[in-house]
Asker: 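Could you have a look at this structure, given as structure tokens, before my questions?
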Amino acid sequence: MKIGVIAIQGNVAEHNDALKRTLDERSEPGEIVLIRHSGLVPDCDAIVLPGGESTTLARLIWKEGIATEIRDAAMSGVPVLGTCAGLVLLAKHGDGGVARTKQRLLGIMDIEIKRNAFGRQYDSFEASIDISGIGEAFPAVFIRAPAIVRCGSEVSALARIGDYVVAAQQGGVLALAFHPEMVPDTRVHQYFMGMI
Ligand code: GLN
């Protein structure tokens with residue numbers, strides 16, 4: 001099992017560590033590949049798009065030719081996990097913030113997102129949330145987090161905070177507004193590896 005982590009910017013080391021811990025728990029052999037250039041995604045069995053700054057990430061993945069490869073992989077059924085800014089990149093529909101910065105999204109998930117949805121007072125917070133199919137009382141860390149404001153008919157909403165969807169899945173694509181790589185709890189990464 002070869003898992004590619006898009007390593008352009010953001011929480012790359014944290015995902016790498018969380019994936020390693022998860023592989024250890026499963027006693028499964030696996031390789032984690034840090035991806036900074038095109039040509040590596042097509043060899044991976046799963047792809048992780050970490051959080052960071054979605055404007056920077058979007059610009060660089062298109063420039064490097066990685067974006068097209070991620071899209072092709074997702075279309076052919078390779079599981080893709082996007083967290084926080086990664087969730088923004090997966091979306092088909094952005095908000096005013098996305099339009100203003102002329103961010104080009106991957107558009108592989110039929111969701112509409114809102115960047116920085118939780119406002120300044122909650123720039124960062126932790127909430128215990130129930131994630132359908134993954135587990136109860138997951139310690140979810142939100143950092144200037146986006147949210148999903150509309151899900152297409154093929155998308156399952158897995159967790160909510162108020163009116164916002166903060167975890168969703170469409171086939172092999174899993175999108176989370178929070179950072180599962182920042183807590184010792186590996187249930188999300190376990191679930192993701194189960195999708196491979
Ligand atoms: N607010 C950031 C963005 O839209 C995402 C923050 C994060 O990934 N922690 O790019």
Side-chain angles (χ1 to χ4, degrees), residues 3-19 34-36 46-64 66-67 70-71 74 80-129 131 134 138-151 155 158-169 173-186 188-189 192:
I3 304 174
V5 178
I6 305 305
I8 299 244
Q9 191 252 351
N11 274 12
V12 175
E14 290 83 351
H15 269 291
N16 187 31
D17 291 351
L19 289 165
L34 300 185
I35 297 176
R36 297 192 180 85
I47 298 292
V48 177
L49 264 168
E53 187 54 48
S54 58
T55 43
T56 309
L57 278 163
R59 191 159 39 80
L60 294 174
I61 59 171
W62 284 107
K63 183 166 164 254
E64 295 295 329
I66 299 171
I70 298 172
R71 257 178 32 173
V80 179
L81 167 67
T83 57
C84 204
L87 169 149
V88 174
L89 296 182
L90 293 175
K92 258 202 178 112
H93 311 283
D95 61 355
V98 171
R100 233 184 345 271
T101 54
K102 299 197 170 65
Q103 245 170 293
R104 190 170 168 203
L105 307 178
L106 290 168
I108 56 183
M109 195 171 189
D110 189 10
I111 52 173
E112 181 178 332
I113 60 90
K114 183 176 178 193
R115 286 185 70 194
N116 306 317
F118 294 94
R120 280 189 165 275
Q121 70 275 35
Y122 288 121
D123 270 353
S124 298
F125 64 99
E126 189 174 324
S128 171
I129 60 170
I131 316 173
I134 296 181
F138 189 88
V141 178
F142 293 80
I143 302 172
R144 291 191 308 117
I148 299 170
V149 294
R150 197 188 53 77
C151 290
V155 178
L158 305 182
R160 285 192 163 82
I161 290 190
D163 288 339
Y164 288 140
V165 171
V166 294
Q169 184 172 350
V173 185
L174 180 63
L176 309 170
F178 51 93
H179 291 272
E181 76 284 6
M182 292 182 77
V183 293
D185 194 319
T186 56
V188 166
H189 286 84
F192 181 60

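Read the numbers this way: they start at 1 and go in the same order the structure lists the ligands and their atoms.
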Asker: Relative to atom 4 (O) of ligand 1, which among Gln103, Arg115, Glu53 owns the nearest non-hydrogen atom?
Answerer: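 Residue with the shortest heavy-atom distance to the ligand atom: Arg115.
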Asker: Heavy atoms only: which of Gly82, Cys84, Gly52 is nearest to atom 2 (C) of ligand 1?
Answerer: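 Result: the heavy atom closest to atom 2 (C) of ligand 1 is in Gly52.
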Asker: Return yes when atom CZ of Arg150 has more than 12 non-hydrogen atoms of other residues, nucleotides or ligands closer than 6.0 Å, and no otherwise.
Answerer: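 It does: Arg150 CZ has more than 12 such atoms within range.
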Asker: Return the orientation label for the Phe118 and Tyr164 ring planes: parallel under 30°, perpendicular over 60°, tilted otherwise.
Answerer: perpendicular
Asker: Ser54 to ligand 1: N or O pair under 3.5 Å?
Answerer: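 Between Ser54 and ligand 1, an N or O pair is found under 3.5 Å apart.
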Asker: Geometry only, no angles: is Arg144 polar-contacting ligand 1 at N/O separations under 3.5 Å?
Answerer: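 Between Arg144 and ligand 1, an N or O pair is found under 3.5 Å apart.
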Asker: Taking 4.0 Å as the limit for heavy-atom contacts, which would you say applies to Asn11 with ligand 1: side chain only, backbone only, both, or neither?
Answerer: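 The answer is neither; Asn11 stays 4.0 Å or more away.
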Asker: Can you check whether Leu49 reaches Leu106 side chain to side chain, under 4.5 Å on heavy atoms?
Answerer: yes
Asker: Is Pro146 close enough to touch ligand 1? Criterion: a residue heavy atom under 4.0 Å from a ligand atom.
Answerer: no
Asker: Can you pull out the closest protein heavy atom to atom 1 (N) of ligand 1? Residue, atom name and distance to 0.1 Å, please.
Answerer: Asn116 OD1, 2.7 Å
Asker: Closer than 3.5 angstrom, by distance alone: can the side chain of Gln9 be matched with the main-chain N or O of Glu53 as a donor-acceptor pair?
Answerer: yes
Asker: Backbone or side chain, does any N or O of Gly51 fall under 3.5 Å from an N or O of ligand 1?
Answerer: no
Asker: Which of these, Ile35, Ile3, Val5, Leu81, sits in a side chain to side chain contact (heavy atoms under 4.5 Å, CB included) with Ile47?
Answerer: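 Exactly one option meets the side chain to side chain contact (heavy atoms under 4.5 Å, CB included) with Ile47, and it is Ile35.
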Asker: Treating Arg115 as the side-chain partner and Val98 as the backbone partner, does any N or O pair qualify as donor plus acceptor under 3.5 Å?
Answerer: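 Answer holds: no.
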